[in-house]
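Remember, predicted model here, so these are calculated numbers, not experimental data.
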Amino acid sequence: MKNDTSDTELRFGNICVKMNRPPGKFLVEIDGVKLSGCRAALGFDGVEMPLTSWEVIEQDSCEIVFETKHGPGAWRLSFKKRLFPGNVEGLAIVLSGKARASARKMELLPLVVPRIESDHLVVNGRGSGGCRIVSFPAGTEKDFEAGFACVVTVKGKHMLFANPMTQAHASKFSGKIRPTAIEDLRASTVVEFAEKGVAYESEPVLLCAGADGHRLMVAWAESQKSPVQFKEQPAGWNSWDYYRWTITEDEVFANAEFIKSDPVLSRHIKYITIDDGWQYCYGEWDANPLFPSGMGKVAKKLLKMGFEPGIWMAPTVIEPQCRIAQWDTDMLAMGESGAPCLAYECMRRLGFVLDPTRASVQKWLYDLYARYRKMGYSYFKVDFIWQTLRARRFYRNDVPRARMMEMIMRPIRKAVGDAHILGCYYHDGPNIYADSMRMASDIHAKWESAKNSAVSIATRFAMHKRMWVNDPDFVVCRCPATSGDPDLNRLKPSIVYIKPEDKDSFGPSGNDRTEGLASMKYEEAKVLLALVVISGGAVNLSDKVNLLNKKGVDLLRRVVSAEKGQAGVPLDLFRSRYPGVWLQKRGKGCRVLLVNWKAEPRELVFNLRASGINSSRVKDFWSGKPVAVKSGRIVANVPAHGCLLADIE
C-alpha cells in the first residue's frame, strides 16, 4: 500500500516506532528511552548518501516495513518486534536492498542517532579486551567503537544496542563522546566488493531497554547461546607472561615439577601450556633450539608427569622468513595492490596472513593441528586469527569478511577433535569451535592490568557459559612481596616501541617503556586474583612458580582450589568506571568482592539484605577469618588498591 506524506506510527507493547515523512527521520522509543531524529543511510566508497522518501509497504501488529526508490537503488527499512529470552521485549531494525552500482566498500546504516543525552556507556570490544566504560559528564574521552553490543544509560534506564554474534558482513556500533552526550551513534554493516544488482542486508540492529541493565545483557547473551555444553575447566599453567620469548624446555619442566610436588597445586592444575617462543618462526611450527627434544617428546614427558600438554600457535600468521612466504605466496592474503602484504603487526613484529578462502590453506591448517594432536597435545591456544581481516583482498572476495573466522576455525576443530580450544582475539562466528575465549586484554603483574581486566570481565559477565567459558587471562601474583626472583623485572618487552629519534623512553600514556612487567604491590596482586575468582572463568597461572615465596604460593593455592562460582555480576556496572561491587553465586552460598580503586584506604559497605542474602556467616577468602556483619551489612576497611573477597555460606 502507498501512503501520503503524513507521519506513520506503530506501537506494540512498550515499543513505539514513528516515521516522519518528509524528511524521512524516525523515532524509536522502548520503555521510555527515546531515540529521536534517527535516520538510515548508505555509504559507497566513503561517500554517505541519505535515504529519504520512505513509504509503508507492509504493516501488521509486529512489523512495519518502509521502502524508498529514491537515490542509490531500491531499499527497505524494517522494524520488527523481537522477544528476547526472559520475556524481554525488543526491536530488530534491518536495512536491505539492491545497489544500482558496484562498490569496493558499501556501508549499510540502518540506524544513525544524532544525539543521546547519557549518564553512562558500557562498550563491548570486538576481540579480547577493547572494552570501555564511560561515565558522564565525560572528560577528554576518545570516540568509541563497539563490537556486537553496547549499553547506554539515560536517566536511570538502559538501552542495549546489539548485533548477532554470527554475522555475514562485519557490523559495529560507533559514536562520538561529548561532555554530556553521545553524538552520531551509528549501527553499520560493511560489505566488501559489493556488486550491482545483488541483494544485501545489514546485520539486524537489536534494541531493548529497561530499568535493569544486567537483565538486558543476559537476555541478549541467552539469545546468542551456543549449543555446546561447556564443561568445568581445570586450572593450568602457561609460560607467556613471565617468560615470553625466552621460554625453554628446561624452564617448562622446572615449573611442571614444582607444581607436581606441591600438595595443593598438583591436585588442581591439569594443563601445562607452552606459549609463544617454542617455534622457529610464525608459519614454521617446529621446535627451535630452546626445545632440543622436539615438541613430541615434550608432550610425552608432560603426559607421563600426569599433565595434559597445551600449545600456543598463531596459525594464520606467516613471517617473512617462513618458507610459505618465500615459495607459496599464492597462500597469502593480499593488499589493495593484489599482491601479498604484511597485514600482521604486534610488538613491532610483522607478518603476512594466510588466505582462508583457499582450499590449500584450510588443508594446511588441518594438517598442522592434526600433527600436534597426534603428538598428544590436548589444549590449543589459537591466537591472532582476527588479523587475517587486516588484509584487503582474498582469493575469493565474494566471501563475507565475518565468515572468515569460521573458515579458519572449522578445519582446526575438525583436526583436534574433542581437545580444548582457547580462542584469542576473535569473537566472530558461531560459538561452536572454541571451548573458552579470552575476554580480557593481556594481563601483566601491574595495577593497570587489574583495572583493565575489571572492565572486560564486567562487560562480558553475561557471555560466560552461554557463548563459551570466559577466560580472564592469566593469574599472576609475582611482585617484591611474593617472589625472591632476582630477574623479576629483567624482561623489558616495551623497548621495541622506542624509536631512534625519541628523546626519552616514555610512551603516550606516560609509561616508561624500559620498565619490567612486575610493578604491582601485594594488595594489588590480591585484587587481580580476586577478579579471576569472581569471573567464574578459566584459571591459568603464568608466574615462575618455583621462585615464588610462601606468600605467593599461598595466594595461588587459594585461587586454584576455590569453589567455582557462576559469573560474578558487577552490581555497579552502570554507575562506575571501574566496577568494584560484585556478587557471585556459588554452590549453596555466594561470594562478594569489594574493590577499593582509590590510592587511599576506604570504608566499603555491602548491604546483604538488599541483595536478598540473610546469612551472617561470612569469611575472608584470603585468610579464612570471619568477617563482621552488622545490621545485615558488611562494613570493611579496605586498604589502598585493595579488596575484600568474602565467601558467604
Handout entry: Sequence neighbours excluded, every pair satisfying side chain to side chain donor-acceptor pair (under 3.5 Å) that has a member inside residues 203-215
Key = none
Problem - Thr459 OG1 to Ile133 CD1 distance, which is reported to the nearest 0.5 Å - result: 4.5 Å
Handout entry: Backbone of Asp383 reached by a side-chain donor or acceptor of Trp386 within 3.5 Å
Key = no
Problem - Check: Ile648 main-chain N/O paired with Ser615 side-chain donor or acceptor under 3.5 Å - result: no
Exercise for the section: Please confirm whether the backbone N or O of Leu571 pairs with a side-chain atom of Arg575, one donor and one acceptor, at under 3.5 Å? Expected result: yes
Exercise for the section: Indicate yes or no: does Asp31 engage Lys157 in a salt bridge with an N to O separation below 4.0 Å. Expected result: yes
Fill in the blank from the handout: Result for side-chain contact (heavy atoms from CB on, under 4.5 Å) between Phe161 and one of Leu206, Leu207, Asn124 points to Leu207
Exercise for the section: Give a yes or no on whether the backbone of Gly537 and the side-chain of Ser535 come within a donor-acceptor separation of less than 3.5 Å. Expected result: yes
Exercise for the section: Only pairs at least two apart or in different chains count here, so list each salt bridge (charged side-chain N to carboxylate O under 4.0 Å, His left out) that has a residue in residues 144-153. Expected result: Glu145-Lys172
Problem - N-O pairing of Glu141 and Arg577 below 4.0 Å - result: yes
Practice task
With the side chain counted from C-beta on, respond yes when Arg115 and Ile182 share a heavy-atom pair under 4.5 Å apart, and no when they do not.
Solution key: no
Handout entry: Side chains of Glu107 and Thr189, donor plus acceptor under 3.5 Å
Key = no
Practice task
Decide, yes or no, whether a salt bridge links Lys176 with Asp184 under the criterion of side-chain N to carboxylate O below 4.0 Å.
Solution key: yes
Handout entry: Val113 and Leu111, any side-chain heavy atoms less than 4.5 Å apart
Key = yes
Fill in the blank from the handout: One should read off an interatomic distance between Glu192 CD and Lys105 NZ, to the nearest 0.5 angstrom, of 5.0 Å
Handout entry: Ring centre gap for Phe380 and His420 strictly below 6.0 Å
Key = no
Practice task
Nearest 0.5 Å please: distance from the CE atom of Met463 over to the OG atom of Ser226.
Solution key: 13.0 Å
Handout entry: Under 3.5 Å: donor-acceptor pair, side chain of Gln59, backbone of Val56
Key = no
Practice task
Would you check if the side chain of Arg633 reaches a backbone N or O of Val629 as a donor-acceptor pair within less than 3.5 Å?
Solution key: no
Problem - Residues Asp471 and Lys381 bridged, charged N to O under 4.0 Å - result: no
Practice task
For residues Phe79 and Phe26, establish whether the separation of their ring centroids is below 6.0 Å.
Solution key: yes
Handout entry: Chi angles and distances behind the salt bridge (charged side-chain N to carboxylate O under 4.0 Å, His left out) call for Arg438, Asp473
Key = CA-CA 6 Å; Arg438 269 279 302 282; Asp473 205 26; 3.4 Å; yes
Problem - Cation over ring face, Arg186 and Phe173, 6.0 Å, 45° - result: no
Handout entry: The single option from Asn540, Leu528, Val475 passing side-chain contact (heavy atoms from CB on, under 4.5 Å) against Ile443
Key = Leu528
Problem - Any donor-acceptor pair under 3.5 Å from Ser456 side chain to Ser453 backbone - result: no
Practice task
Examine distances only and state if a side-chain atom of Glu89 and a backbone atom of Phe84 form a donor-acceptor pair shorter than 3.5 Å.
Solution key: no
